[in-house]
Amino acid sequence: MAEPAKNLKNAKTAITPTREENFPEWYQNVIKAADMAENAPVRGCMIIKPYGFSVWENIQKHFDRMIKAEEVQNAYFPLLIPLSYIAREAEHIEGFAKECAVVTHHRLSKNEKGELAADPASILTEPMIIRPTSETIIGESMHNWVQSYRDLPLKLNQWCNVMRWEMRPRVFLRTTEFLWQEGHNAFATAEEADRDARRMLEVYRDFIENYLAVPVIAGSKTPEERFPGAIETYTVEAFMQDGKALQSATSHNLGQTFAKSSDIKYLDKDGTQKLAWTTSWGMSTRTIGGLIMVHGDDDGMIMPPRVAPHQVAILPFVKDDADKANILEFCEKIQKELRSKDISVQTDKSDARSSDKMWAAIKKGVPVRLEVGAREIAEGQLTLTRRDLGKDGKVKVPVAECAAKIAAALEQMQKDLLANARKRLQSQITDVKSLKDVRDYFAAEKQGGLKLDYSLVKGSEEFAAIKQEYAVTTRCLPFEDNGQKVIVAKAY
RNA sequence: CGGAGUGUAGCUCAGCCUGGUAGAGUGCUUGCUUCGGGAGCAAGAGGCCGCGGGUUCGAGUCCCGCCACUCCGACCA
């Protein structure tokens, strides 16, 4: 039996329930309140609305620049992969077989009941799968493109959609179709390939921490958690406010697995044919879910300035219609000024009441709000509020200095979000000494990650039992502990 | 795919047990007063009550079947 509808305006927080009361429901309501995405009428799929998509566009813009600095080139490969391609790599297909969408026909026709259905006569001689990832089809191209050691390294990336028929979808975190980038690199030697896989993980760490303001733990996956076909999977793990981990990006050293199955060979300087070594690395729209669960509060979204759809919301407060033209003109001037300084701005020109304009900007998590009314014009000062500080952090800034002050506020907010999230991350990880500690921790329904000696976990039946019982997994072997320690947590 | 739950106004839900004219809050529209951390009054629009069948004079309500979604697991970027 559900509770009676709550009056939002009487609620203490803009989002109900609060994070404390019901984290999963809070998460969905933040997305709704910020107008970022909604469930599609298609099972397991989401509709990313303009405000949410804008975050993805910013992620693309910045990350694309970063990978191009690594001499990666963008390209595009087909959505459909012939079944025979993916069947070449046994371990790989083993990993993805259960979640593949399969295309078997190329035409619809009316059946005997008069319903539209796949035309039996149009059955494909070879079924296609909708890519769950593109190692196999890109491998086919690499086979053609790599002839000589001079063709290596070859570094390709594509921004695209993929499909994985997951059992339990959640907006942004796990949807049947999702957007991502997948990078595929090929090298002449094993050393170069491993160095590259680690390098690309470092690029992810840099991006996720410095743009998304989400601190991560970088490390290796345990063998059981590796990407199907990889000899090593590197990961950056973030922790959400409810203490669950989120794998935010992965970089795989594929060894010669795919070079063998796609026959990626080159003629080396010594005149012999050699197999190449490949890597692949990906980051998806899931990171947007991470952003929400790391930064959001009980009033809604908080956007890190560097990926915010707009960094500043100008809120014209019109009390007297006679002032309206004047105030809007003033706002227009400020907007122009800020835009000329590369600050993204949106002015709320609606005739909503001032408090409604303010709450809309709060729920969307716009980093800086500028209140502009008759008062500001008279005083020559603007009222500036940082989303993460709230009303107690309101400051007045002289109009002449506003662009500089706002730029500084955005920069500081970006730093503060990361610093605060890092402090929380540290408090969420507890060092423990035994499997009994692990069992006690999760049995007590504590939320967070545990760090312990990997030797205690590896091959342990007791750990397998804990894993089963409490739905926890090994998240990674952090680089900082040289593979000696493992992080254990529940995960999204 | 296992377990639990929910489908009624744009949204959140009540009504179902005990069959009898379709409800509330919020949102929306209009008007007036308001307006700087969720305003007030008044009027108004808005529903194949998830789909199909059955019982009945009569079904949102009872019975059978189906579908969809949400949550908890298993799977996973």
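Each chain gets a letter, A, B and so on, in the order its sequence line appears, and its residues count up from 1.
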Reckon Arg369(A) touches a base, only the sugar-phosphate, or nothing at all at heavy-atom distances under 4.0 Å?
base
Summarise protein proximity over nucleotides 28-36 of chain B in one line of letters, 5' to 3': B for base, S for sugar-phosphate only, - for none, counting protein heavy atoms closer than 4.0 Å.
------BBB
Run the numbers on Glu70(A) and Arg199(A) for salt bridge (Lys or Arg N to Asp or Glu O under 4.0 Å), then give the verdict.
CA-CA 9 Å; Glu70(A) 303 294 323; Arg199(A) 173 63 201 159; 2.6 Å; yes
Tell me: CD of Glu469(A) to C1' of C72(B), nearest whole Å?
16 Å
So what does Trp180(A) hit on the nucleic acid, given a heavy-atom distance under 4.0 Å: a base, only sugar-phosphate, or nothing?
nothing
Distance check needed: C71(B) C1' versus Trp26(A) CH2, whole Å only.
18 Å
Could Lys244(A) and Phe239(A) be counted as a cation-pi pair, given that NZ or CZ must be under 6.0 Å from the ring centre and within 45° of the axis?
no
Could you check whether Ile362(A) gets within reach of a base, just the sugar-phosphate, or nothing at all, counting any heavy atom under 4.0 Å?
base
Along RNA chain B (nearest heavy atom to each residue), the more 5'-positioned of Ala360(A) and Glu224(A)
Ala360(A)
How is Thr233(A) classified with respect to the nucleic acid when contacts are heavy atoms under 4.0 Å: base, sugar-phosphate, or nothing?
nothing
P atom, A59(B) versus G52(B): distance in rounded Å?
14 Å
Its dot-bracket string being built from Watson-Crick and G-U pairs below 3.5 Å, with | for another strand and [ ] for crossing, RNA chain B has the pattern (((((((..((((......[..)))).((((((.....)))))).....(((((..]....))))))))))))....
Show each protein N/O and nucleotides 73-75 of chain B N/O combination with a separation under 3.5 Å, one pair to a line.
unit_1: G73(B); atom_1: OP2; unit_2: Arg168(A); atom_2: NH2; d: 3.4
unit_1: C75(B); atom_1: O2; unit_2: Glu166(A); atom_2: OE1; d: 2.8

Think Arg65(A) forms a cation-pi with Phe63(A), using NZ or CZ under 6.0 Å from the six-ring centre and within 45 degrees of its axis?
no
As a test of understanding, state which of Thr278(A), Leu254(A), Thr279(A), Asn157(A) forms a side chain to side chain contact (heavy atoms under 4.5 Å, CB included) with Asn185(A).
Thr279(A)
For Asp299(A), report the nucleic acid contact type (base, sugar-phosphate, nothing); a contact means any heavy atom under 4.0 Å.
base
